[in-house]
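Remarks on the structure that follows.
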Amino acid sequence: MNDMDTRARARIDLGALRSNVAALRAKAPGAAFMAVVKADGYGHGMVPCARAALAAGATWLGVATPDEALALRAAGVGGRVLCWLWTPGGPWRECVEADIDVTVSARWALDAVVAAARAADRTARVQLKIDAGLGRNGAQPAEWPDLTAAARAAERAGAIRVTGVWSHFSCADELGHPSIDRELAVFRTAVRQAADAGLTPEVRHLANSPGTLTLPESHFDLVRPGVAMYGISPVPQLGGPADFGLRPVMTLTADLASVKRVPGGHGVSYGHRYITPGDTTLALVPVGYADGVPRHASGSGPVLVAGKWRAVAGRVAMDQFVVDLGGDAAAPGDEAVLFGPGDRGEPTAEDWARAAGTIAYEIVTRIGPRVPRVYVDAPAAGDGAVGDAPAIGDGTPAVGPGGR
Ligand SMILES: *Cc1c(COP(=O)(O)O)cnc(C)c1O
């Protein structure tokens, strides 16, 4: 049985998140820290994670969409906020008015933010992004001189202030990949050209989690880790979280909804892709692909039930999956641990990633809104991060909506 009257829950250890921020800051002592909290804090809850990261020394928050940035401000979260994924017609003016640093990768976006700044009668904070080789967003190097010159002109006119120049790696998680040095060189050139254009950005930044952990030459003025802050190794082929001083923040558990004896030869779940090999006990775990349990892990996803790892028997369904306990005993209400830090013998998000043929980023970010987030070791009562740490509040476990 669990501490809560819910079918399943994702326990979010904010103390682990803070210590991960400290461990990452120690790897980049000369750089400011931008905590990347996009995608609802990689599924951990954007607002509580943002607050915990700021408490641990982050001074910037990074999000993809302007809506995420505005949601941080609407929740009263301070600190500098950078967002980077814009489309024409986006809430430029709202972001300028909410003191959000906005990223510009092209002339149309510069024109939009200049118009928004004029409409708001404010100076917009703008960061310029170069495509150093990822081939995703960012200005091409050929467009960079024009973009930086136009940005400088807008600065002189008082519409904007260029606060940053940045880029994003393509293959920083592959140690020694030839693109790394190439992209570093493109970025250094872009930084120099921005200075030549007369721009004086506060921060120049490039490093994601793998860059923060393995490429000191990529740290510049600020590092931008995401997944590592949540205690997941960004380079699993080099080492697990503990090898980098990190601890997984999310533990996903569910209470068994059914335990029953069945005879041999019994089909299990849709399509009968599992047939009981003999008389056995089946346990029903009440989470499924609608909760983010990957259907690709049918037949292979690991779960700790009744003291042992079991694999999902047959297909993961929308709301539930089955495990075969063999001769072992369990009761309805017993806890099934899908993943956690791993130190109580449970699988990790990385184990699920391997089972599903994906990366641990996808496992945690897809845990759905139907699974309540339960915050433990919250930094302080009354700051919006609910918690059940014994020293705080009345000790009542509280369920958050995931922070948004
Ligand atoms: C998601 C993201 C990050 C963080 O990446 P991690 O690999 O999770 O550290 C940093 N910068 C940008 C632009 C991103 O989109």
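Read the numbers this way: they start at 1 and go in the same order the structure lists the ligands and their atoms. No experiment lies behind these values; they were computed from the predicted model shown.
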Query - Side chain Glu346, main chain Arg344, donor-acceptor under 3.5 Å - result: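 Yes, because the side chain of Glu346 sits within donor-acceptor range (under 3.5 Å) of the backbone of Arg344.
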Requested in this report: May I ask you to test the Pro225-Asn208 pair for a side-chain heavy-atom distance under 4.5 Å?
Outcome: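 No, side chains not in contact.
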Requested in this report: Could you grab the distance from atom CZ of Phe321 to atom OG of Ser298, nearest 0.5 Å is fine?
Outcome: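 Reported to 0.5 Å precision, the distance equals 10.0 Å.
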Query - Minimum heavy-atom distance Arg247-Pro341, with the two atoms named - result: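 Result for this residue pair: NH2-CG, 3.6 Å.
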Query raised in the report: Between Leu199 and Glu155, is a side chain to side chain contact (heavy atoms under 4.5 Å, CB included) present by the stated rule, with each step listed?
Result: CA-CA 9 Å; Leu199 298 173; Glu155 221 177 40; 3.5 Å; yes
Does an N or O anywhere in [X] fall below 3.5 Å from an N or O of ligand 1?
| X | value |
| --- | --- |
| Val36 | no |
| Trp166 | no |
| Pro225 | no |

Proximal atoms of ligand 1 relative to [X] (non-hydrogen, under 4.0 Å):
| X | value |
| --- | --- |
| Tyr42 | 1 (C), 4 (C), 5 (O), 6 (P), 8 (O) |
| Tyr361 | 6 (P), 7 (O), 8 (O) |
| Lys38 | 1 (C), 2 (C), 3 (C), 14 (C), 15 (O) |
| Val227 | 6 (P), 8 (O), 9 (O) |

Query raised in the report: Which bit of Arg224 is near ligand 1, meaning a heavy atom under 4.0 Å away: side chain, backbone, both or neither?
Result: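 Within the 4.0 Å criterion, Arg224 contacts ligand 1 through backbone and side-chain atoms alike.
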Query - Among Phe187, Trp84, Phe220, ring-ring contact (aromatic ring centres under 6.0 Å, His included) partner for Trp166 - result: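 One option only clears the test, and that one is Trp84.
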Query raised in the report: Around atom CZ of Arg73, are there more than 12 heavy atoms of other residues, nucleotides or ligands at under 6.0 Å?
Result: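 Atom CZ in Arg73 is packed in, count exceeds 12.
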Requested in this report: Could you find the nearest protein heavy atom to atom 9 (O) of ligand 1 and give me its residue, atom name and distance?
Outcome: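 That would be Ser209 OG, 2.5 Å.
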